[in-house]
Each structure stands twice: as structure tokens, then as C-alpha cells.
J.: 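Before we start, here is the structure in question, set down as C-alpha cells.
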Amino acid sequence: MSVRVRFAPSPTGYLHIGGARTALYCHLYAKAKGGSFVLRIEDTDLERSKKEYEDAMIEDLKWCGLENHEGPVKGGDYGPYRQSERLDLYKSLAQQLVDEGKAYPCFLTDEELEELTEKAKAEKNSPHHYHDKYRDLDPAEAKKRVEAGETHVIRFKNPRKKYTFTDIVRGEVTFPEDMVGDFVIMRSNGMPVYNFCCVIDDWKMEMTHVMRAEEHLNNTVRQLMIYEAFGVKPPEFAHCSLLVGEDRQKLSKRHGATSVVQYKDQKYLPQALMNYLCLLGWSHPDEKDIFDLDEIAPIFDLSRFTKAPALYDIEKLKHFNGEHMRRLSPDDLLSYLKPTLPSDHPFHTQSEGWQKDCVGFFKEKINIPAELPEHLEVLFSTEPQRGEAVDEVKGWETTAAIQEYIKTEVSKLAESGAEFITVDQFNDWTNHCKKELKIKGKFLFKGMRLALTGMAEGPDLKVVIPLTPMSVMKARHGL
RNA sequence: GCUCCCAUCGUCUAGUCUGGUCUAGGACACCGCCUUUUCACGGCGGUAACAGGGGUUCGAAUCCCCUUGGGAGUACCA
């Protein structure tokens, strides 16, 4: 049987970093096994689900490079792929359980439920302890009340026994019989509940593996009960460790940028995000750390998951972005970095050859695009003298002489129509200052730097000078 | 409260199943040196971990138990 895995988000917000990681693992595993990666939208929570989130979710998944083989947009043989479009199925199956005596209508009101929960807590019992009031109500009586239109939910009749299953990452996991109570499978508004439709869909969509975050581990016992009630063999489960923030709590909005779209907006490279996320809870057999999805898909296996929760560290993500950026071809590098600069940035006025040289040089100094503009200052700032270290250099008597000489030379060159200063010219000027002005050592080089760039420190002058437009040079010297 | 899960450098992790080759390896961050007459990059090096306690064993990061700590769940959310 070929492998079928699914990613089943609920459209109640933008794609989360943790969700993206789960989707990545599903995608990788399907690819490794030549199986199918299915996207299913779990929109049974009417209040919180929004179509715009569903669209955004699909868009973000696409940006991540995690396209599905089957899904709400793409279609497939197991559709529909939106739970809101499968309601009849859940309803009839829930009714089947009621008819078989495996589930029952419950007429508890919100107030009664609250009271019973408080009572259970006060007696140091589990909150669900008294939720089974209608468990043994005569089915005929229950049917009568339902038909009379009385508000009710459908509760699953817990078989009250121990459940054990083998999780691919956790190993053998056992749940005691009082772990959960008679939980709700159909709400009073007629909508099914997650633990119910999840099972129905994984079953009907013939999923072979369910990969999800550890927060769902405890739900598995409910799902196991439902599989059993229908006489269906459950899929394999793999519960991946959680992603946590600085405070070691489950990663959420308050930990900062936790939506994929925020990284897209900040111009991170999707392959870098995926690479980093992949390594949060999974390790490469050869301890390789920089790779593309295509590279690991063939060797991705489920035996290398880490059990402990992983801390999401943006600093390390930046490093990964830098590594991937530096691997880009000159053409790709330019098309990556160019659009990240403001449209009125002087960078855009330069030739394409210049632009390629420029990003080729500055890629060594940055990890993410947001760091580029400040580095470009050395080429474009027209402020004559700036930076913290200039005061010291300005104090040197010899600096004024260099400054004056450079000004004259720049002026001459500009009048000749040159658009840039060549390395040869720069060398000639340096030699002149050395021989004629008798300046040497750091006084010479720092002086030259200050005179030409206006800063006391910065990148290699032999690279910077030929890249600096003459217009900027003139402005720096008040020409 | 109850249940489930987890525990190696500050962080992500290798090693744990199949005890010895681990005076515990790699990566991020940090520090130092070299190089660059600056800064950075790069190269080299460094600081830094088996939570604690008991067993089992000739030998334990690795197997067992307990303690402690952390997390998740306990919904008509998913």
C-alpha cells in the first residue's frame, strides 16, 4: 500500500511556524516513500474558521515549497477536502454509532455541565467525571426527546478500558481507562468535533501515517476508541516534539514572529526556513546541516526524530538564511536581493553588471536582506564624514593634506567624464600621498579611507572605490 | 488535582535501541589568534553539557528504579 500522509490545519489564523514544520515532515515523508501528500482543511469550528485564512494557508504552504498532491484546490479521489463539505458523512456515521449503542444523546445544559465539572474538581476527580449522566438513558426515551427537538450533543460511549499503541517517535504509549470521559462527537449545533471527523477523514481518505505535534498525543486515545467502534485499523502515528519559545512554553504569537508570512514579508529564503525547521526535532544521518528539500527527501526517515521540545531561535535561522543566500548563483542572488531594496534606492540606478558585483561582494557581510541597506551606505552616503571612529582620524594633521589632494583629483576625474574611480587610479593616488606627502602606515590608509568614503573603517577599499558612483564622490567633497 | 510525554554545552543536536572506540562530536552565539596597514569574510583555536540519587555490570551518557525539573492534555478549540 502506498504511503498517504496529510496536513490538516484549521483555518483560524495564518500558517504557523510549527504547522509549517509539521507540513514539511509530512511532505518529506510522502516524497521519500513516493506517496501522496494531502491537504485537508479542518473548518468545523464555525466561529473561528475564515476563508481568507484558508487561502492564506494554501498560499504560504506554496511559498514554503510544500505543495500538495490532493487538496481543496487541487482536488483528488478522496474529496471533498474541506470538512465543512463532508458534514453529511459525519452525521450519518454519528447516527450509526448511536444506533449501535456506541454513542448517545446528552441533554446536559451548559449550566449543569459547569456545575458537574466544579463538583468533580472539588472532589479531586477529573473534570469529565460526571459528564456521563445520560450514558444509560433508555435509547427509546432518548430518541423521543431528540425527536421532540430538545437541544443535545452526541457523546461517545467510552469503553472504559486501557489503550496502548505504538507511536513512531514516542514508542509504546499507554492511556489508563479514566483518561477521558464520554466526550462529545457532535455539537448541539449539529457540527462534528475535531476528534471525530479527524478519524472519519483519516479513515475514509485512507491515510497510512498521521504526523502531528505532540499536543495531540492525548487526543490519540479518543481517536483509537472511534477507530475501534467502527472496526477500522488505525493508521501509524508519529507525534513530533513541540516547538517552544524562550520561556520553554509552546510557541505562540507572544513569542514574536511565529507566522510563516512574517518571514516571507521579511524576505527570508523559503529554503532556509525549511532547512532550519527540518533540523528542529530531526537530524541528518551524516550530521549535514545545510541542505535543500530535494537533497534530503530521498533519505528522510521517521527514526531520527528528537523527543524533547525544541527552542525556536531566530538567530540561528538568520545564519541558515545567510548560508542559503551565499549558495545562490549570481543571477539568482541579484533577483533575490534587488527587490528587497526600497524602489527609490540609488542601487537601482546602476547597471546590471555593477549590481551583480555589488551583491556578490556584500553577500559575505549579511545574513538577511534587512542588513543590506546599512552596508550599502559606504557606497551611497554623501555625508562627508561620519561614523564614531572619524574623530580620531580627523585629528591627524596629515589627514587634511590627503583630503585636499583627493578632492582635487576627484574633481579632475569627474570633469573628464569618468563615472567611477578605478583601482589603478586609487593605487596611483595612494602612491602619490606616500611619496609626495610623505605619509605612511595607518595614517596613509586610514586617511585615504576617510577622504574617499567619509568613514574611518569599512570594507576593502579596492572593492568599495570602484563601486562608488562619481556623483556620490563629488557630493562627499562638496563638488 | 489527574493523565501522558520529555531531560547531553546558553541554544539546536550526534551518540542511547545493539553498554567499552566518548578525557562526549558537530552547528548557532560568544571569546582569542592568524590574515587583512581598517571592519568584515575566511582559516585556526577556546569557553561550555551527560539534571540528582540509587542500582545492574569488570565497565553506564547509554540498561533499571526513585527524585527533581520542564512541557502538553484534561472543551460543544484544533
Side-chain angles (χ1 to χ4, degrees), chain A residues 8-12 19 42-45 47-49 106 108 110 113 117 120-129 131 151-155 167 169-171 173-176 178-181 183-195 197-198 212-221 239 241-242 244 246-250 276 279-290 303-304 306-313 315-320 323 326 361-366 375 378 387 389 393 440-446 448-450 453 455-461:
Chain A
S10 64
T12 55
E42 309 221 329
D43 53 354
T44 55
D45 183 343
E47 276 95 78
R48 300 199 301 148
S49 298
C106 166
L108 251 20
D110 288 347
L113 211 46
T117 303
K121 277 191 199 163
E123 292 171 3
K124 296 205 189 286
N125 281 312
S126 297
H128 61 250
H129 194 73
H131 290 186
T151 305
H152 67 282
V153 299
I154 305 290
R155 283 184 188 275
D167 187 273
V169 349
R170 310 278 143 196
V173 179
T174 301
F175 301 103
D178 59 346
M179 172 94 184
V180 295
F183 55 93
V184 172
I185 57 174
M186 294 295 276
R187 298 177 170 95
S188 55
N189 66 1
M191 291 297 280
V193 141
Y194 166 74
N195 279 302
C197 28
C198 177
R212 55 178 35 157
E214 199 195 327
E215 56 192 323
H216 289 289
L217 187 59
N218 288 313
N219 282 325
T220 311
V221 68
H239 289 92
S241 57
L242 246 24
V244 298
E246 296 284 354
D247 56 0
R248 289 271 149 200
Q249 311 255 319
K250 187 163 77 168
Y276 174 61
L279 257 11
L280 244 32
W282 185 84
S283 63
H284 192 286
D286 300 328
E287 292 196 59
K288 203 171 171 207
D289 48 11
I290 305 296
S303 70
R304 300 194 61 83
T306 301
K307 295 177 180 178
L311 193 145
Y312 179 69
D313 176 11
E315 284 310 310
K316 192 155 181 174
L317 168 61
K318 286 181 183 169
H319 169 78
F320 274 72
E323 292 284 353
R326 276 169 229 119
F361 177 66
F362 285 101
K363 73 174 179 184
E364 301 297 341
K365 304 177 186 315
I366 63 171
H375 283 88
V378 72
V393 185
K440 56 184 177 177
K442 68 174 183 178
F443 297 99
L444 205 215
F445 284 84
K446 279 224 175 187
M448 287 295 287
R449 177 177 292 283
L450 182 63
T453 69
M455 294 200 285
E457 47 197 35
D460 189 357
L461 283 178

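Every chain is numbered from 1 and lettered A, B, ... according to where its sequence line falls, protein lines coming before strand lines. Owing to the predicted nature of the structure, the values given are computational and were not obtained by experimental measurement.
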J.: Rounded to the nearest angstrom, tell me the gap between atom CG in A:L280 and atom C1' in B:rC12.
T.: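 Distance check: A:L280 CG to B:rC12 C1' gives 6 Å.
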
J.: Which nucleotide, if any, forms a Watson-Crick or G-U wobble pair with B:rG42, using both distances under 3.5 Å?
T.: B:rC34

J.: Summarise protein proximity over nucleotides 36-42 of chain B in one line of letters, 5' to 3': B for base, S for sugar-phosphate only, - for none, counting protein heavy atoms closer than 4.0 Å.
T.: -BBBBS-

J.: Across all strands, who's sitting opposite B:rC63 as a Watson-Crick or G-U wobble pair, both distances under 3.5 Å?
T.: B:rG55

J.: Classify every nucleotide of nucleotides 70-78 of chain B by which part a protein heavy atom approaches to under 4.0 Å, writing B for the base, S for the sugar-phosphate alone and - for neither, in 5'-to-3' order.
T.: -SBSSSBBB

J.: When the C1' atoms of B:rC9 and B:rG15 are considered, how many whole Å apart are they?
T.: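 Pairwise C1' distance, B:rC9 against B:rG15, rounds to 14 Å.
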
J.: Provide the distance between the two C1' atoms, one in B:rC31 and one in B:rU68, to the nearest whole Å.
T.: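 So the two C1' atoms sit 34 Å from each other.
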
J.: Between P on B:rU3 and NZ on A:K121, what's the gap in Å once rounded to a whole number?
T.: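 My rounded result for the distance is 17 Å.
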
J.: Using side-chain heavy atoms (C-beta onward) and a distance below 4.5 Å, is A:H375 in contact with A:I366?
T.: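 Contact flag for A:H375/A:I366 side chains = yes.
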
J.: Give the rounded distance in Å between these two atoms: CD1 of A:I290 and P of B:rU13.
T.: 15 Å

J.: When you compare B:rG46 with B:rA29, how far apart are their C1' atoms, in angstrom units rounded to a whole number?
T.: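 Rounded to whole Å, the distance is 14 Å.
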
J.: Mind checking if A:G281 touches a base, just sugar-phosphate, or nothing, with heavy atoms under 4.0 Å?
T.: sugar-phosphate

J.: To the nearest Å, give me how far apart CD (A:E246) and C1' (B:rA29) are.
T.: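 Rounded to whole Å, this separation is 12 Å.
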
J.: P atom, B:rC63 versus B:rA75: distance in rounded Å?
T.: 35 Å

J.: Counting only distance, no hydrogens or angles, is the base of B:rA27 paired donor-acceptor with the side chain of A:K316 under 3.5 Å?
T.: yes

J.: Take atom P in B:rC2 and the same atom in B:rU67, then report the distance between them in whole Å.
T.: 13 Å

J.: Name the pairing partner of B:rA7, where a pair is Watson-Crick or G-U wobble with both distances under 3.5 Å, or state none.
T.: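 B:rU68 is the nucleotide pairing with B:rA7.
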
J.: Scan side-chain atoms only and decide if A:H128 and A:T117 contain a donor-acceptor pair under the 3.5 Å cut-off.
T.: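 No, because no side-chain N or O of A:H128 sits under 3.5 Å from a partner of the opposite role on A:T117.
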
J.: Who does B:rG1 pair with, Watson-Crick or G-U, both distances under 3.5 Å?
T.: B:rU74

J.: If the C1' atom of B:rU13 is compared with that of B:rA24, how far apart are they to the nearest Å?
T.: 13 Å

J.: RNA chain B: A:V169 or A:W282, which has the more 5' nearest nucleotide?
T.: A:V169

J.: With a 4.0 Å cut-off on heavy atoms, is A:S241 in touch with a base, just the backbone sugar-phosphate, or nothing at all?
T.: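 Contact class for A:S241: none.
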
J.: Are A:H216 and A:Y194 close enough that their ring centers fall under 6.0 Å?
T.: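 Between A:H216 and A:Y194, the centre distance is under 6.0 Å.
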
J.: Roughly how far, to the nearest 0.5 Å, is NZ of A:K316 from CG of A:D289?
T.: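 A:D289 CG to A:K316 NZ: 7.0 Å, rounded to 0.5 Å.
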
J.: Which nucleotide, in any strand shown, forms a Watson-Crick or G-U wobble pair with B:rC22, with both distances under 3.5 Å?
T.: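 B:rC22 is paired with nothing.
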
J.: Taking CD from A:E287 and C1' from B:rA24, how many angstroms apart are they, rounded to a whole number?
T.: 12 Å

J.: When rounded to the nearest Å, what value does the distance between C1' atoms of B:rA48 and B:rC30 take?
T.: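 Their C1' atoms lie roughly 10 Å apart.
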
J.: Identify the residue among A:N218, A:L217, A:N219 that makes a side-chain contact (heavy atoms from CB on, under 4.5 Å) with A:H239.
T.: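 Running side-chain contact (heavy atoms from CB on, under 4.5 Å) over A:N218, A:L217, A:N219 with A:H239 returns exactly one hit, A:L217.
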
J.: A side-chain contact here means heavy atoms from C-beta on lying under 4.5 Å apart; do A:P285 and A:R304 qualify?
T.: yes

J.: Of the nucleotides B:rA14, B:rC6, B:rG1, which has the atom closest to the A:T306 side chain?
T.: B:rA14

J.: Rounding to an integer number of angstrom, what distance separates B:rC17 and B:rC12 when you compare their C1' atoms?
T.: 23 Å

J.: From OH of A:Y276 over to P of B:rA29, roughly how many Å is that when rounded to an integer?
T.: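 In whole Å, B:rA29 P and A:Y276 OH are 12 Å from each other.
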
J.: Within this structure, what is the CG-to-C1' distance between A:N125 and B:rC2, rounded to whole angstrom?
T.: 9 Å

